[in-house]
Protein chains: 2
Amino acid sequence: MARTGRPRGFDPGEVLRSARDVFWASGYGGTSIQALVDRVGLERGSLYAAFGDKRRLYFEAVRLYWAEYEEVLRSALAQVPLLPALREVLVMPAQLGAAASDPGAPHGCMVGNTAAELVPHDAEATALVADAFDRFVGMTIEPLRQAQQRGEVSTASEPEAQARLLLVLAEGTALLARAGTDPAAAVAAIDAALAGLRADAGDR
Amino acid sequence: MARTGRPRGFDPGEVLRSARDVFWASGYGGTSIQALVDRVGLERGSLYAAFGDKRRLYFEAVRLYWAEYEEVLRSALAQVPLLPALREVLVMPAQLGAAASDPGAPHGCMVGNTAAELVPHDAEATALVADAFDRFVGMTIEPLRQAQQRGEVSTASEPEAQARLLLVLAEGTALLARAGTDPAAAVAAIDAALAGLRADAGDR
DNA sequence: GGACTTATTGAACGGGCGGTCAACAAGTAG
DNA sequence: CTACTTGTTGACCGCCCGTTCAATAAGTCC
């Protein structure tokens with residue numbers, strides 16, 4: 001049975017994606033409700049009716065961001081060889097910043113930005129960030145172990161340490177991309193890191 | 001000749017350090033003037049008379065932060081062997097977060113936090129961050145080159161790429177420390193990265 | 001001492017912020 | 001049609017923010 005009442009005049013998913021882009025570019029504190037209203041196509045009242053207050057909308061936007069990021073990461077982790085696929089994922093934020101030349105373009109990793117801006121004084125943000133980072137590491141350990149076994153990745157370190165290293169690289173690269181680092185330089189840094197992860201004659 | 005007029009009742013350097021700590025813990029947007037007044041020991045008027053407005057005080061605080069960080073980095077870069085000294089620098093933010101258990105404790109790298117919060121929509125912040133990061137890389141290249149020549153560091157990558165990698169590691173680790181990552185896990189990730197930088201039999 | 005200069009104080013201000021709500025619109029139910 | 005439910009609108013509200021300033025304090029200069 002169809003719901004009674006006046007139907008929605010907008011697609012909530014589309015609005016959430018727009019809100020994510022605004023928050024992504026300007027952060028939580030740097031984004032006013034008015035800025036959201038201007039870019040999202042909804043009046044304030046509708047925004048509040050549909051998504052609750054600013055905090056809830058922000059966290060929802062971050063969750064959407066991270067869900068999409070996990071999707072990209074997951075498909076990379078399924079590939080063989082592993083390191084070239086991971087290279088693509090790590091390099092992504094640098095290229096994203098270069099491609100979008102307008103000043104309001106999204107930059108960096110929303111979860112990392114949230115950590116810098118809202119952690120530790122916001123408990124909900126802290127939990128969200130910790131959960132996201134834990135999931136990154138959890139997803140990455142097993143593929144790394146398998147890559148070690150097949151001789152692609154160095155066995156000089158434990159897979160878990162290497163997984164955490166990949167997270168450090170991902171967040172560090174994203175932050176530098178937001179800061180405007182030259183994409184080519186970022187790629188060179190990533191390649192230097194991956195060269196260190198590769199298995200070679202000195203390994204065993 | 002001594003200056004005329006009523007003398008200052010406080011030490012500007014000490015006040016600036018206090019302000020840096022507050023901003024470091026809570027960020028720019030998360031810190032209100034009232035919070036500064038409460039923690040710094042100056043009334044609003046004096047704060048404004050001595051340091052200008054909030055933005056100026058913030059940037060001054062970040063510059064102080066970075067100057068001290070550069071000092072630590074510089075002394076590490078002068079040591080032989082290089083990698084153990086760099087390990088100390090990279091690991092520092094993780095231990096800093098663990099040592100200070102109170103919720104208002106400073107976490108992460110102030111420059112990185114500034115990048116996440118104020119870049120790209122604040123031009124002055126953008127310039128400050130870019131300059132700091134460039135200085136990091138500039139300082140680090142030459143010591144890395146020498147460490148390559150003496151056989152300590154792998155020659156698989158250019159010193160500049162390795163320098164940028166170190167910056168990525170420093171900023172990534174600092175961000176994860178702010179997010180509450182277990183210090184031991186952070187250290188393990190750093191060690192995995194440094195293992196990849198070390199020169200070994202497979203190198204030549 | 002009086003004139004002058006600089007520092008300190010905290011009340012006051014204007015503005016922009018996040019959030020609300022009463023009136024109205026657009027559907028369904030019977 | 002009338003009754004009901006849900007969505008939309010934008011004016012409006014109160015608060016807290018960063019900032020200012022007139023009054024006062026505490027020194028130096030001559």
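Letters go in sequence order (proteins before strands), and every chain restarts at 1.
B:Leu166 is not listed as a side-chain neighbour of B:Val137, based on a closest heavy-atom distance of 4.5 Å or more. Two residues are said to be in side-chain contact when any heavy atoms from C-beta on lie closer than 4.5 Å; A:Asp11 and A:Arg17 meet this criterion. Counting heavy atoms from C-beta outward, A:Ser75 and A:Glu88 have side chains that stay 4.5 Å or more apart.
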Study note, to complete from the structure: Nucleotide by nucleotide, nucleotides 9-19 of chain D touches protein heavy atoms under 4.0 Å in the pattern (B base, S sugar-phosphate only, - none) BBB-----SBB

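Protein atom CZ of A:Phe51 is 17 Å distant from nucleotide atom P of C:dG18, rounded to whole Å.
A:Arg39 and A:Asp21 are not joined by a salt bridge, as no carboxylate oxygen comes within less than 4.0 angstrom of a charged side-chain nitrogen.
Take B:Tyr58 and apply the ring-ring contact (aromatic ring centres under 6.0 Å, His included) test, not counting sequence neighbours, and it matches B:Phe23, B:Tyr28.
Residue-to-nucleotide contacts include a donor-acceptor pair under 3.5 Å from the side chain of B:Arg6 to the base of D:dA25.
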